[in-house]
Engineer: 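Following this message is one structure expressed as structure tokens.
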Amino acid sequence: MPLEGEYEPSPETWVRNQVELYESSGGTEGTTMRGMPVVLVTNVGAKSGKLRKTPLMRVEHEGAYALVASNGGAVKHPVWYHNLVASPLVELRDGPQVWDMKARLVTGEERATWWERAVAAFADYADYQRRTDREIPVFVVERS
Ligand SMILES: C[C@H](OP(=O)(O)OC[C@@H](O)[C@@H](O)[C@@H](O)Cn1c2nc(=O)[nH]c(=O)c-2cc2ccc(O)cc21)C(=O)N[C@@H](CCC(=O)N[C@@H](CCC(=O)O)C(=O)O)C(=O)O
């Protein structure tokens, strides 16, 4: 069931442009960052109810994906983290495919397993975690 709401582009130009290219090409262009695959997550703004679209590195395993709230190792979680906590139903676009999915925060052993997969997919995550005292949250999204 597609999410309803008015799309509000990211204030970050590079992000907005990647979303625009990814979507306008039907998931055939704008699907990487530094040559590594990217997925596009549509979620609902926790306060505005607007649709937000967030490119994230692709970390996939047996049809489930990890969404890593690294925010480049910044001291604060990305805002989309709060959106997902408030409204876990998302649309995930992986290239030309789009699925309705449900996000859940993972902890403990399960988080450790997904963290390993995330760093294998995008090594910079390990650097980002070294840069900040906050534990970088990991969501897992599965088909709802
Ligand atoms: C700048 C801010 O973005 P953010 O949600 O903090 O997310 C920051 C980044 O994580 C986000 O830009 C990611 O797309 C960056 N990014 C990655 N970010 C990551 O955290 N992990 C990744 O793996 C990742 C990969 C990636 C690949 C390509 C690319 O282009 C970007 C990539 C933003 O969009 N703010 C908006 C929206 C704010 C919002 O959602 N407001 C909520 C209210 C939220 C609240 O206050 O509770 C609402 O609408 O109701 C604004 O300030 O107007």
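Indexing begins at 1, ligand by ligand and atom by atom, following the structure's order.
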Engineer: Students should be able to answer this: which protein heavy-atom is nearest to atom 10 (O) of ligand 1, and at what distance?
Structural biologist: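 Answer for atom 10 (O) of ligand 1: Trp80 NE1, 3.0 Å.
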
Engineer: Near Met33, which atoms of ligand 1 are under 4.0 Å from a heavy atom of that residue?
Structural biologist: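 Ligand 1 atoms under the 4.0 Å threshold to Met33: 27 (C), 28 (C).
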
Engineer: To check your reading of the model: name the closest protein heavy atom to atom 46 (O) of ligand 1, its residue, and the distance in Å.
Structural biologist: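 The closest one turns out to be Lys47 NZ, 3.1 Å.
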
Engineer: For atom 51 (C) of ligand 1, what's the nearest protein heavy atom and its distance?
Structural biologist: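 Result for atom 51 (C) of ligand 1: Pro11 CG, 3.8 Å.
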
Engineer: If you take the nearest heavy atom of each of Ser70, Ala46, Gly45, which one is closest to atom 19 (C) of ligand 1?
Structural biologist: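 Minimum heavy-atom distance to atom 19 (C) of ligand 1 goes to Ser70.
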
Engineer: Return the closest protein heavy atom for atom 28 (C) of ligand 1 as residue, atom name and distance.
Structural biologist: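 Checked against all protein heavy atoms, atom 28 (C) of ligand 1 sits closest to Gln18 OE1, 3.3 Å.
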
Engineer: Parallel, tilted or perpendicular: which fits the ring planes of His77 and Tyr81, with parallel below 30° and perpendicular above 60°?
Structural biologist: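 Rings of His77 and Tyr81: tilted, as their planes differ by 30° to 60°.
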
Engineer: Nearest to atom 18 (N) of ligand 1, what protein heavy atom do you find, and at what distance?
Structural biologist: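 Here the closest protein heavy atom is Leu56 CD2, 3.7 Å.
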
Engineer: Just so I know, are the side chains of Tyr7 and Lys50 near enough to count as touching, which here means a heavy-atom distance under 4.5 Å?
Structural biologist: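 The answer is no, as the side chains (C-beta and beyond) never meet within the 4.5 Å cut-off.
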
Engineer: Heavy-atom contact check, 4.0 Å cutoff: does Tyr125 meet ligand 1?
Structural biologist: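 Contact present.
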
Engineer: Against the six-membered ring of Trp114, is Arg111 placed for a cation-pi contact (under 6.0 Å from the centre, within 45° of the normal)?
Structural biologist: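 So Arg111 doesn't make the cation-pi contact.
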
Engineer: For ligand 1, which atoms, with element, lie under 4.0 Å from some heavy atom of Asn83?
Structural biologist: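 Answer, ordered by atom number: 40 (O), 42 (C), 43 (C), 44 (C).
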
Engineer: Does atom 32 (C) of ligand 1 have a protein heavy-atom neighbour under 4.0 Å away?
Structural biologist: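 Within 4.0 Å of atom 32 (C) of ligand 1, protein heavy atoms are found.
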
Engineer: Hey, are Glu20 and Lys53 close enough for a salt bridge, meaning a charged N less than 4.0 Å from a carboxylate O?
Structural biologist: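 Here Glu20 does not pair with Lys53 in a salt bridge, since their nearest N and O are not under 4.0 Å apart.
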
Engineer: Looking only at distances, please establish whether an N/O atom of ligand 1 is found under 3.5 Å from an N/O atom of Val15.
Structural biologist: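 No, Val15 has no N/O under 3.5 Å of an N/O on ligand 1.
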
Engineer: Got the closest protein heavy atom to atom 9 (C) of ligand 1, with its distance?
Structural biologist: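 Protein heavy atom at minimum distance: Asn71 OD1, 3.9 Å.
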
Engineer: At a 4.0 Å threshold, what atoms of ligand 1 neighbour a non-hydrogen atom of Trp14?
Structural biologist: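 So the atoms of ligand 1 that pass are 29 (C), 30 (O), 31 (C).
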
Engineer: I want to know if ligand 1 touches Met57 in the polar sense, i.e. an N/O pair below 3.5 angstrom.
Structural biologist: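 Yes: some nitrogen or oxygen of Met57 is under 3.5 Å from one in ligand 1.
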
Engineer: Hey, are Asp100 and Arg143 close enough for a salt bridge, meaning a charged N less than 4.0 Å from a carboxylate O?
Structural biologist: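 Between Arg143 and Asp100 there is no salt bridge, as every charged N stays at least 4.0 Å from the carboxylate O atoms.
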
Engineer: For atom 49 (O) of ligand 1, which of the options Ser48, Gly73, Pro137, Pro78 provides the nearest non-hydrogen atom?
Structural biologist: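 Ranked by closest heavy atom to atom 49 (O) of ligand 1, first place is Ser48.
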
Engineer: Please indicate, with yes or no, if any protein heavy atom is found under 4.0 Å from atom 41 (N) of ligand 1?
Structural biologist: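 Given the 4.0 Å cut-off, atom 41 (N) of ligand 1 counts as touching protein heavy atoms.
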
Engineer: Side chain, backbone, both or neither: which applies to Arg52 and ligand 1 if a contact is any heavy-atom pair less than 4.0 Å apart?
Structural biologist: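 Side chain only; the backbone of Arg52 stays clear of ligand 1.
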
Engineer: With a 4.5 Å limit on heavy-atom distance, are the side chains of Trp14 and Arg16 in contact?
Structural biologist: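 A side-chain contact is absent here, since even the closest heavy-atom pair is not under 4.5 Å.
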
Engineer: Which residue and atom name correspond to the protein heavy atom nearest atom 6 (O) of ligand 1, and how close is it?
Structural biologist: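 Heavy-atom neighbour on the protein nearest atom 6 (O) of ligand 1: Val79 N, 2.7 Å.
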
Engineer: For ligand 1, which is the ligand I care about here, please tell me if His82 has any N or O atom under 3.5 Å from one of the ligand's N or O atoms.
Structural biologist: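 No, no N or O pair falls under 3.5 Å.
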
Engineer: Closest non-hydrogen protein atom to atom 13 (C) of ligand 1, residue and atom name please, with distance?
Structural biologist: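 Atom 13 (C) of ligand 1 sits closest to the protein heavy atom Pro55 O, 3.5 Å.
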
